[in-house]
Amino acid sequence: MEEILRQALVILRATWQHRRLGMLVAWVVGAIAAGVILRIPDKYEASARIFVDTQSILKPLMSGLAVQPNVEQQVMMLSRTLISRPNVEKLIRMADLDLNLSGKGEREALMERLTKTLTISSVGRDNLYTISYRDSDPGKAQRVVQALVSIFVESSLGDKRQDSDSARKFIDEQIRNYEKKLQDAEARLKEFKLRNVDLYTADGKNSTEQLSELTNMLNSSRLALREAENSRDAMRRQIVGEEPVLLPEAPGADSGVSLPEIDGRIDTQKRNLDNLLQRYTDQHPDVVGARRLIKDLEDQKRQELVARKKFAAANPGSSVSNNPVYQQLKVSLAESEANVASLRARVSEYESRYRRAVDLLKTQPQLEAEYTQLNRDYDIHKKNYEQLVTRRESAELSGDLESAGSVADFRLIDPPRASPNPVAPNRLILLPTGLVLALVAGLFAAFVASQVRPVFFDGKTLRDVTGLPLLGTVSLIPNEARRAKERTSLHRFLLATAGLVIAYGAGIAMLTFLSQRAA
């Protein structure tokens with residue numbers, strides 16, 4: 001530690017030996033710095049503040065119906081990408097900055113300078129944006145800010161309509177594609193159903209249920225056919241065993257022959273007589289009349305039978321056809337034959353259906369797999385088509401919502417205005433910085449001079465540097481004249497330093513006075 005302090009003291013003493021050179025360099029650097037600071041042109045700042053209101057009443061009303069973009073994110077992204085080359089070129093034309101440009105090089109330099117100096121910043125989370133620009137001409141700075149505000153408002157959501165049109169165009173194209181796919185799928189599904197119409201029934205039963213139902217119907221039809229055939233055969237046997245001729249000599253033959261018209265009237269009168277006997281006695285006139293009427297009908301029946309027997313005896317060949325029992329059996333046999341033929345046709349049809357159902361049941365798994373694949377493709381295409389139609393409606397609503405112009409409202413809080421006083425350079429800060437720079441430059445010059453022309457102040461340093469043995473040292477005993485000379489040199493150094501500081505202080509005081517007076 002002591003060695004470090006000793007070396008530091010040695011360096012300071014060596015630098016002090018060249019204090020005149022250091023002070024001269026400090027004055028020169030200070031004068032140059034002051035001149036440069038005073039010659040820096042003044043910069044005037046123009047600024048404007050814009051508020052973007054994204055809280056629209058349409059947003060909650062159209063929630064779920066239209067696609068609502070993140071307007072805040074869009075505006076933030078726009079603010080970050082606003083200072084681009086096309087916008088800067090447009091800005092130059094709007095602010096008339098290209099009137100005095102003589103070549104392409106100057107135009108490129110102007111664009112580069114504008115890109116670096118234009119600033120747009122967001123103030124917190126309130127969608128408040130500040131646009132600012134600095135220039136030596138306050139009017140030019142104000143025109144630039146005004147043009148940039150116009151570009152910001154115009155290009156805020158100007159491209160969203162084009163984006164919506166592109167989105168709708170793409171969705172329409174996809175809808176047409178899916179319409180064609182859906183039509184093709186429907187055609188394939190229709191062709192499959194027509195080709196395999198036996199696979200489906202009106203009530204939606206499958207092949208197994210159809211086969212079971214056909215089996216039951218076939219069995220029932222066969223049973224009905226056997227019953228009809230048995231009934232027919234019985235009628236045939238009865239017709240063969242029936243006596244075709246009525247024997248008039250047979251005792252009690254009258255009672256075995258039926259005359260439907262007279263027998264019906266007799267039965268009616270007998271039922272009427274029973275009703276009367278339940279209410280009246282045998283001597284009641286109505287009862288007597290009913291019995292007399294029944295007796296008359298029975299006599300009429302006997303007379304009719306006698307007449308038929310006489311006719312049968314006179315015409316033996318017509319007795320068979322006149323037998324009512326025989327005629328009724330013939331009619332019933334004909335009906336039985338027709339019924340048997342009908343049932344045979346039904347059994348044949350059911351057998352054919354049964355064979356087709358069995359053949360279909362063998363190929364049903366493959367057909368069901370094919371139908372499932374066709375139906376799955378159709379369902380997928382239909383679902384995508386319906387979703388695309390819904391998206392198209394949503395896109396149209398979104399476009400109409402954007403056309404309403406109320407998604408984001410741009411409000412100019414502070415119009416473009418140039419500051420009356422220059423905002424740059426800040427000479428009150430630059431001048432002290434120049435003074436410090438001058439002092440540092442003088443100190444550095446003295447240090448460099450001490451290193452170029454080193455001076456040894458003790459024997460140890462000389463012995464360390466030369467590496468030679470040191471026999472002894474001779475001390476200087478200053479006299480009064482030397483002390484006066486050193487005091488005079490110190491006073492001059494202090495005066496020169498104070499003069500430099502005072503000069504810079506006076507400049508700072510003058511600038512402060514002028515700025516306060518301008519304000």
Side-chain angles (χ1 to χ4, degrees), residues 41 43-54 56 67-167 169 398-399 401-419 422-424:
K43 295 289 183 179
Y44 295 88
E45 183 179 60
S47 62
R49 288 195 303 169
I50 301 176
F51 174 69
V52 183
D53 186 9
T54 59
S56 173
V67 178
Q68 298 184 6
N70 191 342
V71 182
E72 297 180 358
Q73 184 178 3
Q74 292 177 1
V75 174
M76 184 179 298
M77 183 61 65
L78 176 63
S79 65
R80 295 179 181 178
T81 59
L82 180 63
I83 306 175
S84 59
R85 186 177 181 87
N87 289 337
V88 172
E89 292 179 352
K90 185 178 180 180
L91 175 65
I92 292 175
R93 293 192 299 269
M94 293 178 63
D96 297 332
L97 301 180
D98 55 349
L99 298 179
N100 298 326
L101 298 180
S102 58
K104 187 176 180 180
E106 293 184 1
R107 187 180 185 86
E108 292 293 333
L110 177 60
M111 292 181 61
E112 185 176 357
R113 186 172 68 253
L114 287 175
T115 303
K116 293 180 179 180
T117 53
L118 283 171
T119 59
I120 177 170
S121 58
S122 175
V123 182
R125 299 181 180 179
D126 299 330
N127 291 334
L128 187 62
Y129 296 89
T130 301
I131 300 176
S132 60
Y133 173 70
R134 293 182 179 183
D135 194 88
S136 57
D137 186 0
K140 182 187 294 185
Q142 186 174 358
R143 291 198 306 271
V144 170
V145 173
Q146 180 64 51
L148 190 59
V149 168
S150 301
I151 294 174
F152 181 54
V153 175
E154 290 174 0
S155 61
S156 59
L157 297 176
D159 296 334
K160 294 305 295 177
R161 186 65 182 180
Q162 182 178 359
D163 295 341
S164 299
D165 295 338
S166 301
K169 182 178 179 181
S398 301
L401 181 62
E402 294 168 3
S403 300
S406 58
V407 177
D409 186 13
F410 289 79
R411 301 176 184 176
L412 190 61
I413 303 301
D414 293 332
R417 176 179 174 274
S419 58
V423 295

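Scope of the values below: all heavy atoms of this structure, side chains included, with no hydrogens, waters or symmetry mates.
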Problem - CA sep, side-chain torsions, deciding dist, call: Asp135, Val144, side-chain contact (heavy atoms from CB on, under 4.5 Å) - result: CA-CA 10 Å; Asp135 194 88; Val144 170; over 6 Å; no
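- For Arg143, the salt bridge (charged side-chain N to carboxylate O under 4.0 Å, His left out) criterion is met by no residue, not counting sequence neighbours.
- Here the closest non-hydrogen pair linking Pro415 and Ala48 is C-CB, 4.0 Å.
- A salt bridge is defined here as a Lys NZ or Arg NE, NH1 or NH2 lying under 4.0 Å from an Asp or Glu carboxylate O, and Glu112 with Lys116 meets this definition.
- The CD1 atom of Ile92 sits 11.5 Å away from the CG atom of Asn87 when rounded to the nearest 0.5 Å.
- With values rounded to the nearest 0.5 angstrom, Lys140 atom NZ is found 14.0 Å from Tyr44 atom OH.
- Shown here are the salt bridge (charged side-chain N to carboxylate O under 4.0 Å, His left out) partners of Lys90, two or more places apart in sequence or in another chain: Glu154.
- In this structure the side chain of Gln146 never reaches within 4.5 angstrom of the side chain of Gln142, judged on heavy atoms.
- Going from atom CD of Glu89 over to atom CG of Leu114 covers 11.5 Å, rounded to the nearest 0.5 Å.
- Closest non-hydrogen pair, Met94 versus Ile151, comes out as SD-CG1, 3.8 Å.
- One finds the CG atom of Leu91 at 13.5 Å from the CZ atom of Arg85 (value rounded to the nearest 0.5 Å).
- Here the CD1 atom belonging to Ile50 is positioned 6.5 Å from the CD1 atom belonging to Ile120, to the nearest 0.5 angstrom.
- Looking at every heavy atom in both residues, Val145 comes nearest to Ser47 through CG1-C, 4.0 Å.
- Under the side-chain hydrogen bond (donor to acceptor under 3.5 Å, both in side chains) criterion, Thr119 pairs with Ser132, sequence neighbours left out.
- With values rounded to the nearest 0.5 angstrom, Ile131 atom CD1 is found 11.5 Å from Asp414 atom CG.
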